Amino acid sequence: MTNIDWNRARAFLATAQAGSLSAAARELGLTQPTLSRQVAQLEADLGVTLFERVGKKLVLTETGESLLEHVRAMGEAALAMCVAASGRAEEVAGRVSISATDTYAAYILPEIMERIRREAPQITIAVISSDSLSDLRRREADIAIRHVRPQEDGLIGRLVCESTAHFYASESWVAAHGHPGAVSGIAPHEFVGYEDAERFAAFLRGWEPRLARRIFGWSQRTRWSSGSWCGAGRVSA
């Protein structure tokens with residue numbers, strides 16, 4: 001039976017989560033050659049290939065995918081041990097800012113925040129409600145709930161849920177233009193979209209190139225936070 005070196009396993013886990021050696025090295029505070037060597041040594045220890053390079057990206061092999069959950073469990077166990085040893089399990093505190101769309105901030109986050117308030121009452125949560133993307137590298141928020149995968153180096157993204165969106169029209173619009181039977185049926189028409197009209201238009205054109213020739217954007221930016229309670233929240237400018 002092969003004994004697993006945790007440093008090598010941790011290098012594999014960080015690389016898989018970050019998607020690149022450079023991002024994983026920054027997260028662990030290592031040089032990229034050191035991290036790359038640790039991953040290679042783990043592959044040699046196990047006699048398997050964990051990653052394959054596709055262009056400039058590292059992609060998990062089928063074997064790497066199957067082993068990732070086991071290594072992730074090791075990481076969670078190591079973190080739990082450190083928390084228990086430091087005696088801070090009951091002392092989680094501080095301010096955490098979460099950026100989310102207006103819809104998620106209003107309808108999804110309150111229930112989640114209520115649970116956080118019960119389990120970690122010393123945490124103050126600040127919710128940044130905006131339909132634009134917060135820049136995490138500039139510390140505009142600590143956590144961002146987005147509908148797109150982050151492209152910036154040094155950010156770690158995880159899929160937390162799947163959601164759907166819909167098109168809506170007023171009764172007067174349907175009376176004037178009819179009810180479209182297919183996506184192509186709405187191509188000639190104008191839209192009211194979110195704050196970043198061009199990003200919204202590009203997303204629509206992924207379905208139908210003729211879509212979204214003119215989009216009128218709207219925006220609303222509010223900030224609110226929960227202090228010693230959850231559900232309502234203190235309003236701040």
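Residue numbers run from 1 in the order of the sequence given. The structure presented is a predicted model; accordingly, all values stated were derived computationally and were not measured.
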*Calculate, to the nearest 0.5 Å, the distance between atoms CD1 and CD1 belonging to Ile116 and Ile112 respectively.*
7.0 Å
*Any idea which heavy atoms bring Ser97 and Glu140 closest together, and the distance?*
OG-O, 4.5 Å
*List the atom of Ile128, the atom of Ala141, and the distance in Å for their closest heavy-atom pair.*
CD1-CB, 4.0 Å
*asked:* Are the side chains of Pro110 and Glu114 in contact, using a 4.5 Å heavy-atom criterion?
replied: no
*asked:* If you compare all heavy atoms of Ala18 against all heavy atoms of Ala23, which two are closest, and at what distance to 0.1 Å?
replied: CB-CB, 3.8 Å
*Measure the CG-CD distance between Asn7 and Gln41 for me, rounded to the nearest 0.5 Å.*
10.0 Å
*asked:* Using modelled atom types and a 3.5 Å cut-off, is there a donor and acceptor pairing between side-chain atoms of Glu52 and backbone atoms of Val59?
replied: no
*Does Glu69 pair with Arg72 as a salt bridge, N-O distance under 4.0 Å?*
yes
*asked:* So, taking the atom named CZ in Phe12 and the one named CG in Leu42, what distance separates them when rounded to the nearest 0.5 Å?
replied: 7.0 Å
*asked:* Regarding Arg8 and Gln38, do their side chains bring together a donor and an acceptor under 3.5 Å, going by distance alone?
replied: no
_Flag side-chain contact, heavy atom, 4.5 Å: Leu35 against Leu28_ = yes
*Closest non-hydrogen atom pair, Val174 against His179*: CG1-N, 4.1 Å
_Side-chain heavy-atom pair Ile145, Thr101 within 4.5 angstrom cut-off_ = no
*With the side chain counted from C-beta on, respond yes when Leu67 and Leu46 share a heavy-atom pair under 4.5 Å apart, and no when they do not.*
yes
*Exercise: identify the closest heavy-atom pair between Leu68 and Ala16*: CD1-CB, 3.7 Å
*Below 4.5 Å, heavy atoms only, C-beta onward: do Thr34 and Arg37 meet side chain to side chain?*
yes
*Hey, does Val71 have a side-chain heavy atom less than 4.5 Å from the side chain of Arg10?*
no
*Give, for atom OG1 of Thr31 and atom CG of Leu21, the distance between the pair rounded to the nearest 0.5 Å.*
10.5 Å
*How far does OG of Ser20 sit from CG of Leu58, to the nearest 0.5 angstrom?*
7.5 Å
*What's the shortest heavy-atom distance between Met74 and Ala9, and which atoms?*
CE-CB, 4.2 Å
*Under a 4.5 Å cut-off applied to non-hydrogen side-chain atoms, are Ile98 and Asp142 in contact?*
no
*asked:* I need the Asp102 CG to Tyr107 OH distance, nearest 0.5 Å.
replied: 10.0 Å
*Heavy-atom neighbours of Glu119 CD exceed 12 at 6.0 Å*: yes
*Give a yes-or-no answer on whether the side chains of Thr61 and Thr63 include a donor-acceptor pair shorter than 3.5 Å.*
no
*asked:* When you compare the side chain of Ile4 with that of Asp45, does any pair of heavy atoms fall below 4.5 Å?
replied: no
